[in-house]
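These figures come from a predicted structure and were not determined experimentally. All residue numbers in this chain count up from 1 along the given sequence.
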Amino acid sequence: MDIQAEKLRLIEWLASLKDSSTISELIAFKKSKEADWWDEISSEEKAEIEEGLAQADKGEVIPHEQVMAKYNKWR
């Protein structure tokens, strides 16, 4: 089986579709095959993100300009 030829045949078929229900089914199928980045990261990374969001909710943030001023000296 030539995978590239099969892909082209699928693209041609998809481009010719007029049935919206089939297109909806294909969209749902595509979404079911896509991985959510959240599911792909480690529990440690998730904990770090959740901690950062909690800090931001409490207003414990540093303004962007202040961070850039600190690190621009290394440019």
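- For K46 against D39, the heavy-atom pair with the smallest separation is NZ-CA, 4.4 Å.
- A salt bridge links R9 to E6: at least one charged side-chain nitrogen sits closer than 4.0 Å to a carboxylate oxygen.
- Considering only heavy atoms from C-beta on, E25 stays 4.5 Å or farther from F29 through its side chain.
- Environment of CD1 in I62: sparse, with no more than 12 heavy atoms of neighbouring residues, nucleotides or ligands closer than 6.0 Å.
- The CD1 atom of I49 lies 4.0 Å from the CD1 atom of I41; values are rounded to the nearest 0.5 Å.
- Rounding to the nearest 0.5 Å places CD1 of I27 at 12.5 Å from OG of S32.
- The pair K30-E34 meets the salt-bridge criterion, since a charged nitrogen lies less than 4.0 angstrom from a carboxylate oxygen.
- For E45 and S42, the side-chain atoms include at least one donor-acceptor pair closer than 3.5 Å.
- Put simply, CH2 on W13 and OG1 on T22 are 6.5 Å apart, with the number rounded to the nearest 0.5 Å.
- Residues L53 and W38 share a hydrophobic cluster, clusters being chains of Ile/Leu/Val/Met/Phe/Trp/Tyr side chains in contact below 4.5 Å.
- Between E51 atom CD and E60 atom CD the span is 9.5 Å, to the nearest 0.5 Å.
- Cluster membership check: L10 shares its hydrophobic cluster with I23, using side-chain heavy-atom separations under 4.5 Å among Ile, Leu, Val, Met, Phe, Trp and Tyr.
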